[in-house]
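To start, the structure itself, in structure tokens.
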Amino acid sequence: QEEGLTNLVVQCMIQDRSGFLWVGTQNGLFRYDGDRFQAFHTTDGLPSSEIYSLHQSANNVLWIGTQDGVAELKGDRFQPIRGVGEYEIRGTSTIASDSASNLYVGTSRGLLIGRPQARRSAYSWQFEHLSRPIGQINSVAWSTASQELWAAGEDGVFRVRGEQAIP
């Protein structure tokens, strides 16, 4: 706490490729630079201060899963991703990505697959549900060895091939 971590209920944590430690708590996101923690909240663009999941994709984008949606870090601010906000994110490891920068998000209503859509000056995202419905997803992981997504939730563990979940 003396270093600035004002909430000790940690729900997730990662170290990004530049060496910062990111800590998601039930009341904010904190970045540790080796000396001090810097706090981030909804005033910095986060959809919610309740942080459940952190992920850095292969293209070095930091993704934050909150109770009320997903955001990506852009500079020193966060940009909420449209199309995810109506789904609750409750698991602590619910964001993954593949080498093509597709984003996989486990939600209270199943798995969302996000594909980047090129626009003039930036990317936007198109999200859709997995074609075979599965219940709440609490954890997702991309396997580089098999080039498959794995998802776990209330209906069991699934291997996702293409857009089909296989128990």
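Each residue takes its place number in the sequence, starting with 1. Remember, it's a predicted structure, so these values are computed and weren't measured experimentally.
- When all heavy atoms are compared, the tightest approach of Ile113 to Arg115 is CG2-NH1, 3.6 Å.
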Would you give me the side-chain donor-acceptor pairs under 3.5 Å for residues 41-49, sequence neighbours excluded?
| residue | atom | partner | partner atom | Å |
| --- | --- | --- | --- | --- |
| Asp44 | OD2 | His41 | N | 2.9 |
| Ser48 | OG | Glu50 | N | 3.1 |

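- Once rounded to the nearest 0.5 Å, the distance linking NE2 of His55 with CD1 of Ile14 reads 8.0 Å.
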What pairs of donor and acceptor atoms, side-chain ones from residues 1-13 against any protein atom, are under 3.5 angstrom apart with sequence neighbours left out?
| residue | atom | partner | partner atom | Å |
| --- | --- | --- | --- | --- |
| Asn7 | OD1 | Val9 | N | 2.8 |
| Gln11 | NE2 | Ile51 | O | 2.7 |

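- Side-chain contact between Ile95 and Ile64 is absent, with no heavy atoms from C-beta onward closer than 4.5 Å.
- Note that the CD1 atom of Ile137 and the OG1 atom of Thr107 stand 7.5 Å from one another [nearest 0.5 Å].
- By the 30° and 60° cut-offs, the orientation of the rings of Trp142 relative to Tyr104 is parallel.
- The OG atom of Ser99 sits 5.5 Å away from atom CD of Gln147, with the distance rounded to the nearest 0.5 Å.
- The backbone N or O of Gly135 lies less than 3.5 Å from no partner atom in the side chain of Glu154, so there is not a single donor-acceptor pair.
- Counting only heavy atoms from C-beta outward, the side chains of Phe37 and Val23 approach each other to under 4.5 Å.
- When hydrophobic clusters are built by joining Ile, Leu, Val, Met, Phe, Trp and Tyr residues whose side-chain heavy atoms come closer than 4.5 Å, directly or via intermediates, Trp22 is not grouped with Tyr32.
- Between atom CD of residue Gln79 and atom CD of residue Glu72 there is a gap of 7.0 Å, rounded to the nearest 0.5 Å.
- Between the CG atom of Asp98 and the CD atom of Glu148 there is a distance of 12.0 Å, given to the nearest 0.5 Å.
- Residues Asp68 and Thr66 bring no donor and acceptor atom of their side chains to less than 3.5 Å of each other.
- With rounding to the nearest 0.5 Å, the separation of CD1 in Ile89 from OG in Ser53 is 7.5 Å.
- Phe20 and Leu73 fall within the same hydrophobic cluster, where Ile, Leu, Val, Met, Phe, Trp and Tyr residues are linked whenever their side-chain heavy atoms come under 4.5 Å apart, directly or through other members.
- The shortest heavy-atom contact between Gln56 and Arg17 is OE1-N, 2.9 Å.
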Exercise for the section: Walk me through it: do Leu62 and Lys74 pass the test side-chain contact (heavy atoms from CB on, under 4.5 Å)? Expected result: CA-CA 9 Å; Leu62 183 67; Lys74 295 220 176 213; over 6 Å; no
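- Residues Phe30 and Phe40 keep their aromatic ring centres 6.0 Å or farther apart.
- Looking only at atom types and distance, the side chain of Asn59 has a donor-acceptor partner in the side chain of Ser57 under 3.5 Å away.
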Practice task
Please test Ser18 against Asp16 for side chain to side chain donor-acceptor pair (under 3.5 Å), starting from the C-alpha separation and ending with a verdict.
Solution key: CA-CA 5 Å; Ser18 62; Asp16 69 20; 2.9 Å; yes
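- Under the 4.5 Å side-chain criterion, counting only non-hydrogen atoms from C-beta, Val160 is not in contact with Ile166.
- Legend: residues meeting salt bridge (charged side-chain N to carboxylate O under 4.0 Å, His left out) with Arg77, ordered by chain and number and at least two apart, are absent.
- The cluster map of Ile, Leu, Val, Met, Phe, Trp and Tyr, joined by side-chain heavy atoms under 4.5 Å apart, puts Val140 and Trp150 in different clusters.
- Criterion: ILVMFWY side-chain heavy atoms under 4.5 Å apart, direct or through other members. Under it, Val61 and Leu103 are part of a common hydrophobic cluster.
- Taking hydrophobic clusters as Ile, Leu, Val, Met, Phe, Trp and Tyr residues chained together by side-chain heavy-atom distances below 4.5 Å, Phe78 shares a cluster with Leu54.
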